[in-house]
Amino acid sequence: MENQVSEETTPPASTELSKAYDHHEVEPRWYRTWLERGYFHADAGDRSRPAFSIVLPPPNVTGSLHLGHALTATIQDVLIRWKRMSGFNVLWLPGTDHAGIATQMVVEKELQRTEKRSRHDLGREEFLRRVWAWKEQYGSRIGVQHQALGASLDWQRERFTMDEGLSRAVREVFVRLWEEGLVYRAKKLINWCPRCHTALSDLEVNHEENHPGELWSFAYPLADGSGEIVVATTRPETMLGDTAVAVHPEDARWKGVIGRNVRHPVTGREFPVVGDAILVDPAFGTGAVKVTPAHDFNDFEVAQRHALPLLSVIGPDGRMTAEAGPFAGMDRFEARKAVKAALAEKGLDRGAKAHPMALGKCQRCETVLEPLLSDQWYVRIEPLARPAIAAVEEGRTRFIPEGWTNTYMAWMRNIHDWCISRQLWWGHQIPAWYCADGHVTVARSAPEACATCGDRALRQDEDVLDTWFSSALWPFSTLGWPDRTAELETFYPTSVMETGHDIIFFWVARMMMMGLHFMGDVPFRTVFLHPMVRDEKGQKMSKTKGNVIDPLVITEKYGADALRFTLAALTSAQGRDIKLARDRIEGYRAFANKLWNATRFALMNLDGAPDPARAPELARTPADRWLLARLARAVNATVDALEAYRFDEAAATVYRFCWNDLCDWYIELSKEALYGDDAAKKEGAKAVLAHALDTALRLLHPMMPFVTEELWQMLGAKVGGPTGWGRSLLEASYPARRPLDEAAERSFAPVLGVVEAIRNVRGEMNVPWKTVFQGVEVGGLSAEALATLRSEQARVERLGNVRGLVLHEAGRPAGRRPQCAVAVGEGFEVLVPLAGAVDMAAETARVDKEIARLVAEADGVEKRLANPSFVERAPREVVEEARARVAELGERRRKLEAHRALLAGTGDPQPAAIPPAAPEIAGAVGLARRAPSDLAVRPRANLVAKPAGKMVKKGPAGMARRGPSALALPAKATPRKAAPKKAAPKKATPKKATPKKATPKKAAPRKPAPKRTATRKAAPRKAAPRKGGPKPARRR
RNA sequence: GGGCGGAUAGCUCAGGGGUAGAGCGUCGCCCUUACAAGGCGAGGGUCGCAGGUUCGAAGCCUGCUCCGCCCACCA
């Protein structure tokens, strides 16, 4: 970094910027500064301003952020910074989640790897000590990551789901729900993971679709030996726990057997054939179903209906229990094979067929789950769900994108009781105690005695609560609940819940229920569900796939601003997944650099600039007014986009304004005034430039906080002072909506059109500017006026307040073949003098192509107009528009055809009489050219560093191109402008009425352009004198 | 089995009844006094398929085909 930004946390003292932006130094410096100045800390006592609060979805404390988190952080920080700048009392609260199973598994795995011990070897207490140690060691990484991303989180309020306050909230909620009868303990069938050794909630089951399975049939002999019933199963081992066979009560095939018994071929037990219309689909298979109540959810229901016994044959470890008789102790999958073999041996095998099926697997470890009978704690969910449904129906909380509302509703209306106990150690231990008699005492803290029998020997329930139980309380537990705190008062309900749609049930729905129940109000007004971040190939990022990207890797390479802007630009409110492409990030890093250099330009030219706030009144030129109009449009569009959560549009809007309007157009246009000597125009340009840049940086700050802050400080140091420039952009005001100025935009359009037309001709004709324009001097223009705008009076009218911009024709000797190319646009016609270099064939081809294009378009519109239905039924303005379009196209075509005729040597070369030129258009013409007027080539330091190949490749081509054209140049080249710093005082008469006719062909050959050489490359940057030295500034 | 997205330029994506867009990539020209992480220009699309509504469809409706996701107890 060459810029002399001080290491201090004060605005940079110098405005010398290096040529390229380097985020490495800037980003950490500003984050540190913001933090030190306490900008992120919210004042809960400040009720004078509207509050805006977001609680960060707490990442797994021992985890590492991935790009999905980066997206979350980015979007929330955009909202937070935007609102903070908009005058809100903002709170963004960070925190982490203990992530029960996930964390415990990680530590267990590590323990196994390093010490070859299990948690049971250590015991509960020691194991927990290890987990806490692990947490202390790795828990800081996500903080570092968030800081690198620039997240303006209130770190002083950081919470952890297992810290003391939150644990207290968890116990409080559990106890209250118990007291209200909304928490209960029951022995039911649950999804059990034999590997994690814990119960899981329905949500933690991943249904793996189309798992290749086998539907195997076998026969149950009737107990009286009178026959058999063939049943089919995908899990033969469960037949050991069968306690019935079910058939449809109206199935004629089985009418006679209902109520009779079958005999179990392995255990000899006898059990009944029952008729059950709910379970059995007579059209499927044999129409008879084996019933295993202790290992199948449907069968469990059947058992309830028919009072069947429950027989557990598979244990918590996935092995067969003693009830499985000869198969006891066998792994369930081994038992599957063994059972099949055993039954086959008994002649009961009735064949098998392939049967794709859905398999329930553990969300954490992918192990095939086993429905098991066990005692667990549940939350009675329906009473909690009802208000949560109503709140969304009533619009008290709304979803964005809206489509998620239905998803939420469908789930909430179909919700089952929530199994909240987990057979883990890491988590909130359930505040329930048992006495020897098995009485349960639920309390906020360890009770002295059993509430039922007074027994003093109590043992606490060993299970812990589902991680999501504490997460469900996050929006209020983090604000100090159950105490009545200022934080709750000020910041609850939170404004926005921003998270991924993958946890809408796990988390969002449960927060809704708990928030409504315990706070009496929704936990958030808006739920913004962001898309999933996928890799370049569109694959979901996952640890197992190994395609997870650490945001730090990206921020290190491209800068946090580039990553943030990329994520914002890819986040539409439509919910489409994000495929993060590296090119895109690179592109936005370039954008940061663009801003950097635009500011650099400004700093070089804003000495003595007026208060930027006075830009509207000081704006002098059409270009000034045009830019301010464009800026107004950009401001409004950006604010609209942010309000609509259209981060993509906000990003695109600012991007386009900065790059296209400000950099590509205005900065070039402004040079006319900045380098000129019209004091008023100069002042206007300075004010407009400073104002536009200031406003753009404010607009952009939420998305690119670092580079905008750095540049804004530089700008402030230059033009600030009385303008109320704050200490940080972070606390500066966000641009407010402003009135549009369509007239300014419209009236300037022809100038832009002229420039584009000229560029187009040049580009397509592939002619270097020097050849084209050198020495052509036109009435009313300075020596290097390079093109002519010709227009009839009618067109002039349409030019509105830039009507004076029409120029004289030049470089086209009457009666001769035209030494110019022509471009016709709406409201103008440009003759581009080619000064002898014109390739007639090429120009003819170019014009023909353009004519063909006009004809094609006109044909299309005319066809529409020829349709009576269209003229009759389409809205009047659409028809008028079409007619005007046809006229316009026709006119342009006629002009081109006239030009075409001249090219062919026929036609009338006489130009129309045209009013004199105005200076603005000359500026536009200069802009179209964008090339220095002399051939001085200054060595560039950064070229030396470039790959040689590129230079070698480009160099010769460029040089070769210049060769032949140089022959046509007149002897004298005039620089477009003088060195900005010291413009020679000049007062040329603005009217050099007589156009100097260039006589290209006799011009003295110009020296061939010097070739690039090593010595020139090596020359000191500023040493090479410009050919011809400084010239007086152009005048007109 | 239900439900929700998506399919638009080589790639990544906007648009959403009235002349098909951006960025990147490609090609050509250009080291130019803010920026080669740059400037200027060009080429590139029967908007997944088939019907329908309409003066007019990429957009609206219907069906279909692919891709992705969510929910669901057919043994």
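Below, chains carry the letters A, B, ... as their sequence lines are ordered, and counting in each starts from 1. We use all heavy atoms of the structure for the numbers below, so side chains are in, but hydrogens, waters and symmetry mates are not.
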* Asked: Which one of H295(A), K290(A), R336(A) satisfies the side-chain hydrogen bond (donor to acceptor under 3.5 Å, both in side chains) criterion with T238(A)?
  -> K290(A)

Using the [atom1] atom in both, what is the distance from [N] to [M], to the nearest Å?
N      : M      : atom1 : answer
G10(B) : A50(B) : C1'   : 27 Å
A36(B) : C49(B) : C1'   : 45 Å
C27(B) : G43(B) : C1'   : 7 Å
A57(B) : G48(B) : C1'   : 16 Å
G16(B) : G59(B) : P     : 14 Å
C60(B) : G15(B) : C1'   : 16 Å
C47(B) : A9(B)  : P     : 10 Å
G45(B) : U26(B) : C1'   : 15 Å

Quick one: [X] [atom1] to [N] [atom2], roughly how many Å, whole number?
X       : N      : atom1 : atom2 : answer
D648(A) : G23(B) : CG    : P     : 16 Å
K19(A)  : U32(B) : NZ    : P     : 11 Å
I667(A) : G38(B) : CD1   : C1'   : 13 Å
F565(A) : C24(B) : CZ    : P     : 13 Å
F399(A) : C4(B)  : CZ    : P     : 17 Å
K579(A) : G5(B)  : NZ    : P     : 18 Å
M714(A) : C35(B) : CE    : P     : 16 Å
E586(A) : G38(B) : CD    : P     : 10 Å

* Structure fact -> Per nearest nucleotide of RNA chain B, the residue lying toward the 5' end, G587(A) or A602(A), is G587(A)

* Structure fact -> Of A592(A) and R853(A), the one whose closest nucleotide on RNA chain B sits nearer the 5' end is A592(A)

[X] side-chain proximity, nearest of [options]:
X       : options                : result
D664(A) : G39(B), A34(B), U12(B) : G39(B)
E857(A) : A14(B), U12(B), U19(B) : U19(B)
C663(A) : C40(B), A34(B), A37(B) : A34(B)
D583(A) : C24(B), A34(B), C35(B) : C24(B)
Y675(A) : U12(B), G38(B), U33(B) : U33(B)
N593(A) : G39(B), U12(B), C35(B) : C35(B)
E668(A) : C35(B), U12(B), G43(B) : C35(B)

Considering all heavy atoms of both residues, which atom of [X] and which atom of [Y] are nearest to each other, and what is their separation?
X       : Y       : answer
I667(A) : S670(A) : O-OG, 2.8 Å
L279(A) : A246(A) : CD2-CB, 4.0 Å
V871(A) : L865(A) : CG2-O, 3.3 Å
P371(A) : R235(A) : CD-NH1, 3.8 Å
S18(A)  : R600(A) : O-CD, 3.2 Å

* Step by step, work out the side-chain contact (heavy atoms from CB on, under 4.5 Å) result for L215(A) and T233(A). => CA-CA 5 Å; L215(A) 188 63; T233(A) 179; 5.6 Å; no

Check whether any side-chain nitrogen or oxygen of [X] sits under 4.0 Å from OP1 or OP2 of [N], and answer yes or no.
X       : N      : value
K671(A) : A34(B) : yes
K849(A) : G43(B) : yes
R589(A) : C24(B) : no
R600(A) : C35(B) : yes
Y588(A) : A22(B) : no
K594(A) : G39(B) : yes

* Asked: How far apart are the C-alpha atoms of D561(A) and Y588(A), what are their side-chain angles, what is the distance that settles it, and do they pass the side chain to side chain donor-acceptor pair (under 3.5 Å) test?
  -> CA-CA 8 Å; D561(A) 286 331; Y588(A) 293 133; over 6 Å; no

* NA contact type, P868(A), heavy-atom cut-off 4.0 Å: base, sugar-phosphate, or nothing? -> nothing

* How is W216(A) classified with respect to the nucleic acid when contacts are heavy atoms under 4.0 Å: base, sugar-phosphate, or nothing? -> nothing

* To do: Tell me, with the steps shown, if V245(A) and V231(A) meet side-chain contact (heavy atoms from CB on, under 4.5 Å).
  => CA-CA 8 Å; V245(A) 170; V231(A) 296; 4.0 Å; yes

* To do: State, with a plain yes or no, whether a side-chain heavy atom of Y558(A) is found less than 4.5 Å away from one of T566(A).
  => no

* Base, backbone or nothing for each nucleotide of nucleotides 68-75 of chain B, written B, S, -, heavy atoms under 4.0 angstrom, 5' to 3'? -> SS-BBBBB

* Structure fact -> Symbol by symbol from the 5' end, with Watson-Crick or G-U pairs under 3.5 Å, [ ] crossing and | another strand, RNA chain B is ((((((((.[[[[.)..(..]]]].(((((.......))))).....[[[[[..)....]]]]])))))))....

* Asked: Do H501(A) and W404(A) have ring centroids that are under 6.0 Å from one another?
  -> yes

* Asked: How are the rings of W659(A) and Y655(A) set to each other: parallel, tilted or perpendicular (split at 30° and 60°)?
  -> tilted

